[in-house]
Structures are given as C-alpha cells and as structure tokens.
Novice: 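Questions regarding the structure given below will be posed in turn.
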2 protein chains.
Amino acid sequence: MKPLPVQLASKIYAASELIAERGLDDTKIEDIAEVTGIPVSTLYYHFRGKAEILAFLLNDLLTAIAAEVGVAVESQGTARERLTRVIRAQLSVMLQNPASCRALVGDLGRATRLPQLAGALSAAFYQPVEQLLRDGADDGSLLPSEDTMSDAVMIFGAVTVAGLMEAVVGSQRPMESIADAVARLLFDGLAPRTFDETHA
Amino acid sequence: MKPLPVQLASKIYAASELIAERGLDDTKIEDIAEVTGIPVSTLYYHFRGKAEILAFLLNDLLTAIAAEVGVAVESQGTARERLTRVIRAQLSVMLQNPASCRALVGDLGRATRLPQLAGALSAAFYQPVEQLLRDGADDGSLLPSEDTMSDAVMIFGAVTVAGLMEAVVGSQRPMESIADAVARLLFDGLAPRTFDETHA
DNA sequence: TTTTGTGTTGGAATCGGATTCCAACATTAG
DNA sequence: CTAATGTTGGAATCCGATTCCAACACAAAA
C-alpha cells in the first residue's frame, strides 16, 4: 500500500465517525465517499476495499498511541511514574480520537484478524506496560508481578475500557480525571490498607 | 422473537465457533447452515437474518453470565468476598464459552448497537459490580469509591480482557489461577504497601 | 512542447451473498 | 381427522461491493 496522498489522507478521517456509528458492514462505500468527498472510484484506486480503509484508520490510531506511549515509557522517573504517564498518554490519544476508538473496538474482531493491526495493537499497549512492570519490580516502585503478561493485559483492559466508555458517552470529563481514577484503582487497589488482609 | 425450539437451540451454538473465527461478515448464512445442520430456509423462518442469530447467541451468553454473577452477588460474606466470587463467576462462564466470548468481542460494535444486548451487557457486568462497590464501602471490606460507575467499568475491563485473552489463545490455564491474578491486581494494586505512597 | 506516467473520476458491467417467496410436506395440538 | 405451525428445497430478487474501462488532469521527463 503506497503512502496515501496527503490530500486524501486528510479527508479519509471523516469516515471513522461514520464507521464508529454504524459499524463497517452497515457503512456503504458510497456513504464513505459522500462524507469524505472522495469518489468511490478513487477510493478503490487506493484501497482494496472497505476493510482496508478501516485498517488504514486504525493503524493510524494505533501508531499515534504507540508513539505517545513510547515517549512515556522512555521518560524519566520510577516505573510507577512512567506507568502513570503511559496511562495518561493512552487516554489522551483515545479522547482525542473518540470516533476511531469506537470504530476500533466495534470492529475489534476484524482488527485483530488483520496481522498487521494485531501487531500494532500489541506494540501500542501490552509490550510497553509489560516492560514497565518489570522495571517497577527492579526499582521497587511497583510490586513484583507474578505474570507480567497477564497483568499487562488486565491493565490494558482497565485503561482501554475506561477510555472507551468516555468516548462512547462523549463526556467532556478531562483526561486527568479519568487517568487519576484509573491510577488509583491500579496502584492502590480496592482493598483497605489494613495489616493482614493479604492472601493468606 | 418466539422461543426457539430446543432442537434448534441446541444446534445453533455450533455457529458461534464459526463466527468467532471469521467474524460475522465473513460468515455466510450457508456456512452457518452447514455447521449447524439447520437449512437456510429454516434459519430464516426463525431469525430475521445473520445479525439476529449472533444476537441470540450473545444474549444467551450474557444471560448465563448475568445469572452466575447474580448468584455471586447475592451470596453470603463481605462485599470483597462476593466480588471475588463475581470475578470467578464471570471468568468461569467465559472460559466455558470461549467461542461465544470471542464472537462477542469481535462484533462488540454490533452487539452494543442492539439495544436489547446493550441492556443485557450492562445487567451482566456493570450493575452487579457497582452494587458491590457500594456495599463494600458500607461493610468496610472495600475502599469507598469516588465514582462507582467508573470503577465498575474498569473492573469489568480488567476481568473481561483477562478472560478474553485466555479464550483467544485457548490456554488451559484453570479459572482459579486467572481469577487469583485478577483479584490480586484489583484488590491489592500495583504499588508496594509503604506508608506515604498515596497521592499527595 | 510533446511524451509519458500517475492520479482522478464517472458510469457501466459483474458478482456474490442476503433475503424473500413459494409450494410441498411433516408434525403436533385439538 | 383438521387446522395451525414448523421444515425445507429451490427459484427469484435485491443490494451493495468490487471490477472494468475510457476520458481526463497534471506533472515530470525528454
């Protein structure tokens, strides 16, 4: 897939709104042509079909998230601090692209079935978090994880679903507020901080 | 939608495997007819179309989860203990129906766009957890939540994604193991239990 | 500036699959 | 034994995705 001419790239994003709303199936190519202002023929000149249009949009979103998250991971501070930034980064991009996020989740099946996207998904989310969990065990800012993969997945789930809900309901709640709620749950947990309570 | 004759109901489940694998679009009605052994005409006699078949399967899954979760919520013990049982219940049903779970997530968009399912989704997950969070604040077994809705959503995300990953990779990891990992993260959090560490 | 390659575009032609229709037949409740 | 309901095969339709094609715009190269 050659790089899409910028002129078109800028227009194509309008499609994510449509796809997020109705899902890819119920979105006709002609509908996409209409909202984006790109004629059907031109769309087919650049994309193999509907699925590839969605893939383009999602890949773009995931790349953006991966980039922001990457910065957070590489930043200074304890693993815990960096993980906090990662959460903020992810939520930030999600809130800036609510339509793409909804489209992504709505057609998650298709997304994960495209090998290219499955990789991007993993790189954008799990891997960085997994790394931070290991770092945290080293620098003492996080509890050692018994299964970093498993924990990373759960963290991903919590953050993503939290961000998604905001994207769906379209709340104007600021990213910081959501990030704080997520961080509180993930770092401090739900249990009161009494002495024994641990798993005997 | 009249109650599906049991004879068909038992057969139709075979479709979830197919849908989970390919997604609804790439699954032809004829494919469904083939794997289930139910002729196309008969399928159309009972369902409006493909989407309604998926809806039936998902509704069924969600009902099963809601039922199990319901038992856990109503059980004896502190809110924390009951929440633990809720997590186990959800994971248990998910692991017993991996195909349906994958289908659900793969076509989550469609699922949430069907009002009936959106309600079932909410009843099966958020609501019970939200209630437990409130109970936990009362009986002291859980920290008071600043936003039960938000916390419930995150918990849902962590549990679901954890269960989903197992369903996707088809691991044979026992439910208890997964549930313990989830519970550890959610109750104890990631942060070490030093004195100050809280959010200053 | 003529040539050539690449991007644009409208519209016709195809194709595949979903859904609808219909008629014959089976089963079951009354 | 009927009537109502469930089953089923196969034809007929419909719709939208994708493919094809030809005309045209534009820019770099000769």
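Chain letters run A, B, ... following the sequence lines, proteins first, then strands; residues in each count from 1. Owing to the predicted nature of the structure, the values given are computational and were not obtained by experimental measurement.
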Novice: Taking CZ from A/F47 and P from C/dT8, how many angstroms apart are they, rounded to a whole number?
Specialist: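 The distance from CZ of A/F47 to P of C/dT8 comes to 11 Å, rounded to the nearest Å.
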Novice: Test your reading of the model: is there a side-chain donor-acceptor pair from B/E81 to the backbone of B/T78, 3.5 Å cut-off?
Specialist: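 The answer is yes, because a donor-acceptor pair under 3.5 Å joins these two groups.
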Novice: In whole angstroms, how far is the P atom of D/dG9 from the CD1 atom of B/I38?
Specialist: 12 Å
Novice: Can you check whether A/G109's main-chain N or O pairs, donor with acceptor, with B/R102's side chain at less than 3.5 Å?
Specialist: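 Side chain of B/R102 to backbone of A/G109: no pair is present.
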Novice: Judged by atom type as modelled, is there a donor-acceptor pair below 3.5 Å linking the side chain of B/R88 to the main-chain atoms of B/M175?
Specialist: no
Novice: Which class fits the ring pair B/F56 and B/F47: parallel under 30°, tilted 30 to 60°, perpendicular over 60°?
Specialist: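 The arrangement is perpendicular - the two ring planes meet at more than 60°.
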Novice: Run the side chain to side chain donor-acceptor pair (under 3.5 Å) test against A/S122 and tell me which residues pass, sequence neighbours left out.
Specialist: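 Partners of A/S122 under the side chain to side chain donor-acceptor pair (under 3.5 Å) test: A/Q127.
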Novice: Can you check the B/I32 CD1 to C/dA18 C1' distance for me, whole Å?
Specialist: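 So the two atoms are 11 Å apart, to the nearest Å.
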Novice: Applying the 4.5 Å side-chain criterion to the ILVMFWY set and letting contacts propagate, would B/L143 and A/V182 be lumped into a single cluster?
Specialist: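 No, because B/L143 and A/V182 fall into different hydrophobic clusters, even though each may have its own neighbours under 4.5 Å.
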Novice: Send over the distance from A/E34 CD to D/dG16 P, rounded to a whole Å.
Specialist: 14 Å
Novice: Enumerate the residues from residues 8-31 of chain B whose closest heavy atom to DNA chain C is under 4.0 Å, giving them by residue number; use none for an empty result.
Specialist: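 The stretch gives B/T27, B/K28, B/I29 as the residues lying under 4.0 Å from the strand, ordered by number.
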Novice: Is it the case that over 12 heavy atoms from other parts of the model lie below 6.0 angstrom from the CZ atom of B/R48?
Specialist: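 Result for CZ/B/R48: open.
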Novice: What is the separation between atom CG on A/L43 and atom C1' on C/dG7, rounded to the nearest whole Å?
Specialist: 13 Å
Novice: Between D/dG6, D/dA17, C/dA18, which nucleotide gets closest to the side-chain atoms of B/Y45?
Specialist: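 Closest nucleotide among those given: D/dG6.
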Novice: List in chain and number order the residues that pass ring pair (Phe, Tyr, Trp, His ring centres under 6.0 Å) with A/Y126, two or more places apart in sequence or in another chain; answer none if no residue qualifies.
Specialist: A/F156
Novice: Between protein and nucleotides 28-30 of chain C, what N or O pairs are separated by less than 3.5 Å?
Specialist:
none

Novice: Show the nearest heavy-atom pair for residues B/S75 and B/R82, with the distance to one decimal.
Specialist: O-CD, 3.0 Å
Novice: Anything under 3.5 Å between a protein N or O and an N or O of nucleotides 21-23 of chain D, put it in a table, one pair a line.
Specialist:
none

Novice: Between C/dT20 atom C1' and B/K50 atom NZ, what is the distance in whole Å?
Specialist: 16 Å
Novice: D/dA27 C1' sits how many Å from A/Q7 CD, rounded?
Specialist: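 Answer to the nearest Å: 14 Å.
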Novice: Decide if atom CD of B/E176 counts as having more than 12 heavy atoms of other residues, nucleotides or ligands within a radius under 6.0 Å.
Specialist: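 Atom CD in B/E176 is packed in, count exceeds 12.
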Novice: If you only use heavy atoms from C-beta on, which nucleotide in C/dT8, C/dT9, D/dG9 is closest to the side chain of A/P5?
Specialist: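 When the side chain of A/P5 is considered, C/dT8 is the closest of C/dT8, C/dT9, D/dG9.
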Novice: Taking the side chain of B/Y44 as heavy atoms from C-beta outward, which of C/dG10, D/dG6, C/dT19 is closest to it?
Specialist: C/dT19
Novice: Can you sort out the partners of A/Q131 under side chain to side chain donor-acceptor pair (under 3.5 Å), two or more places apart, ordered by chain and number?
Specialist: A/D135
